[in-house]
Student: 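Structure below; questions to follow.
Counting begins at 1 with the first residue of the sequence. Every number for a ligand or one of its atoms is a count from 1 in the order of the listing. Here the structure is a predicted model, which means the values were calculated and not measured.
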Amino acid sequence: MKKRNSVLIAGIVSILILVSVQVYIVIGIWNQKNEMFNLRYRLFSQDAVSSMSRRLNTDGFDTARNIINWYSVQSIKDLAQIKDDSAIILKKREIFESVSKILIKEEDLSAYLSNYFERAGIDKNFNFKLIINRFELINQETFIPIYTSEEFASRRAPRVTGVVGPPPNNRRPTSEILVKGDRSETDYYRLDFECYIDFSEKQKTIMKETSSSLGLSTLSIILVGIMFMITYRNLAEEKRLSNLKTDFINNMTHELKTPLSTITVAGKTLQMPQIRTNEEKILETAKLIGKQSLHLNQLINMILEISMWERTQFQLDKKTVDIEDLLNEVVFSFKSGGGNAATISEKYNFNGRKLDLDVVYFTTLINNLLSNAVKYSDKVPVIEIEGNATEENVSISISDNGIGIGKNDQKHIFDKFYRASTGNIHKFKGLGLGLYYVKKIAEAHGGDVSVSSKPGKGSTFTLTLPNVHEQV
Ligand code: ADP
């Protein structure tokens with residue numbers, strides 16, 4: 001149990017390590033693809049910018065710059081009129097917002113980029129974003145600061161004072177691709193800004209590109225998981241079988257020892273002088289030896305036969321029999337033998353159905369079920385045998401009022417050497433072979449056997465045999 005638990009823990013830990021490594025690798029691939037995507041578009045946009053200045057002799061902001069220059073002249077005059085500090089701040093904000101609007105409205109770069117990307121056959125659905133880093137008015141060589149972004153200010157100590165705060169849409173983007181940075185300066189203003197592009201489809205594109213590695217790594221994790229489960233189950237099954245074998249050897253020793261010791265004692269008894277003169281006693285002891293030898297022989301034959309089945313196919317010696325007659329005979333001889341302590345009722349009607357059966361094996365099958373019904377009982381056994389014949393098959397069920405079988409044990413009772421784990425192993429003697437034998441015989445006839453049971457209430461074993469007799 002300890003070993004199994006440590007195997008389970010080691011397996012789960014290894015799978016977790018594998019999953020983390022795979023996640024790490026996939027994140028690495030994702031970042032790499034993201035970088036490559038950005039790099040590709042950065043290069044394309046730089047090409048586009050230089051192609052624009054080569055072919056059109058502009059960087060796309062000439063009109064905007066002219067308008068801003070004219071607007072700056074106006075703004076310098078307006079600002080000079082205002083004396084109140086808070087009114088000055090308000091005016092500066094208005095100036096900054098107007099400059100942003102002019103820049104966005106009058107630029108020609110985004111349209112050129114879009115065209116350029118389309119011609120290059122790459123994605124042209126991007127968002128174009130302009131970020132102003134600094135704007136200052138210049139009045140006769142004196143700078144009037146209007147706006148400086150935090151980042152720009154931190155790059156240039158000392159901090160510029162008297163500027164307006166950034167509006168929300170002027171934040172530097174994290175994921176976008178920088179196309180161009182620019183500084184323009186005239187006699188009336190100084191402006192620093194950056195242009196970025198961002199692709200809404202970017203995540204999807206990268207997802208598509210990483211899907212094969214993602215799929216493969218998920219598949220490999222699933223496969224490793226399945227293989228682990230199979231190995232673990234095999235290990236558990238092997239452990240179970242080895243336990244069963246150990247139990248079997250213990251039980252077999254126990255079973256074989258009982259008749260053997262009886263025979264030994266009987267042998268010794270026969271040697272006693274006072275017994276040798278008593279003919280009746282001699283006969284009785286001889287009978288006992290005979291009975292125990294027979295039992296011993298049966299046990300050994302059963303074990304031999306089962307080990308033979310493992311190696312060769314079942315050899316059936318089938319005869320056509322009237323199933324009802326045969327069952328009557330088997331039940332009758334059981335009643336007069338081991339079953340005399342039980343109340344057995346028969347409620348079957350097979351309508352004269354004839355089947356091709358191996359009579360010896362069939363007898364053993366029914367005997368095993370009946371003797372289990374008597375053996376696994378803690379009160380006076382009451383057994384009901386029911387049966388009927390349909391078009392396709394014949395079914396026989398044997399119900400008892402015995403100790404019953406738990407759900408878990410029901411799954412295994414037909415396994416070789418299996419004995420239910422109710423702590424009754426020595427109270428009820430057995431080798432765990434009876435039901436295995438029953439199942440094998442039923443299957444060899446093309447039929448099957450099943451169980452339904454409730455612990456403390458009793459069990460019902462149902463045998464079904466196919467209708468294999470050719471009616472003449
Ligand atoms: P054995 O009787 O030699 O142990 P079997 O293969 O005949 O082996 O039965 C397997 C197990 O199934 C038994 O150990 C017993 O626990 C359970 N079993 C079989 N028949 C019955 C029954 N009629 N009622 C309760 N338990 C049963």
Student: Would you find a donor on one side and an acceptor on the other, under 3.5 Å apart, between the side chain of Asp400 and the backbone of Lys457?
Tutor: no
Student: Please verify whether a non-hydrogen atom of Phe461 lies at under 4.0 Å from ligand 1.
Tutor: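 Flag set, Phe461 near ligand 1.
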Student: Any donor-acceptor pair under 3.5 Å linking the side chain of Asp415 with the backbone of Tyr418?
Tutor: no
Student: Out of Leu369, Leu435, Asn401, who gets a non-hydrogen atom closest to atom 5 (P) of ligand 1?
Tutor: Leu435
Student: Checking side chain to side chain contact (heavy atoms under 4.5 Å, CB included) against Val449, which of Leu465, Val438, Ile441 comes through?
Tutor: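 Filter result, single survivor: Val438.
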Student: Please indicate whether any nitrogen or oxygen in Ile405 is less than 3.5 Å from any nitrogen or oxygen in ligand 1.
Tutor: no
Student: Could you check whether any side-chain N or O of Asp358 sits under 3.5 Å from a backbone N or O of Val360, counting only pairs where one atom can act as donor and the other as acceptor?
Tutor: yes
Student: Does Ile403, backbone or side chain, put an N or O under 3.5 Å from an N or O of ligand 1?
Tutor: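 No; every N/O pair is 3.5 Å or more apart.
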Student: Distance-only, no hydrogens or angles: does the Arg42 side chain make a donor-acceptor pair with backbone N or O of Val179 under 3.5 Å?
Tutor: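 Not confirmed, Arg42 side chain does not pair with Val179 backbone.
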Student: Taking 4.0 angstrom as the limit and counting only heavy atoms of Leu433, give me the atoms of ligand 1 inside it, by number and element.
Tutor: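 Counting from 1, the qualifying ligand atoms are 6 (O), 8 (O).
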Student: Should Asp409 and Lys411 count as an ion pair when the cut-off is N to O under 4.0 Å?
Tutor: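 No.
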Student: Tell me which part of Asn368 gets within contact of ligand 1: side chain, backbone, both or neither, using heavy atoms under 4.0 Å.
Tutor: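 Within the 4.0 Å criterion, Asn368 makes no contact with ligand 1.
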Student: Using modelled atom types only, decide if a donor and an acceptor are shared between the side chain of Gln410 and the backbone of Ser453 within a distance under 3.5 Å.
Tutor: yes
Student: Hey, which atoms in ligand 1 end up nearer than 4.0 Å to a heavy atom of Lys375?
Tutor: 1 (P), 2 (O), 3 (O)
Student: Say whether Ser459 and ligand 1 are in contact under the criterion: heavy-atom distance to a ligand atom below 4.0 Å.
Tutor: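 It does; at least one heavy atom falls under 4.0 Å.
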Student: With a cut-off of 4.0 Å, which atoms of ligand 1 are near a heavy atom of Gly432?
Tutor: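 Once the distances to Gly432 are compared, the set is 1 (P), 3 (O), 4 (O), 6 (O), 8 (O).
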Student: Does NZ or CZ of Lys439 fall inside the cone over Phe414's six-membered ring, less than 6.0 Å from its centre and within 45° of the axis?
Tutor: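 Yes - Lys439 lies over the ring of Phe414, closer than 6.0 Å to its centre and within 45° of its axis.
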Student: Pull out every atom of ligand 1 sitting under 4.0 Å from any heavy atom of Arg419, numbered as shown with elements.
Tutor: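 Numbered from 1, ligand 1 contributes 1 (P), 4 (O), 14 (O).
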Student: Taking distance alone, with N or O pairs closer than 3.5 Å, would you say Tyr418 contacts ligand 1?
Tutor: no
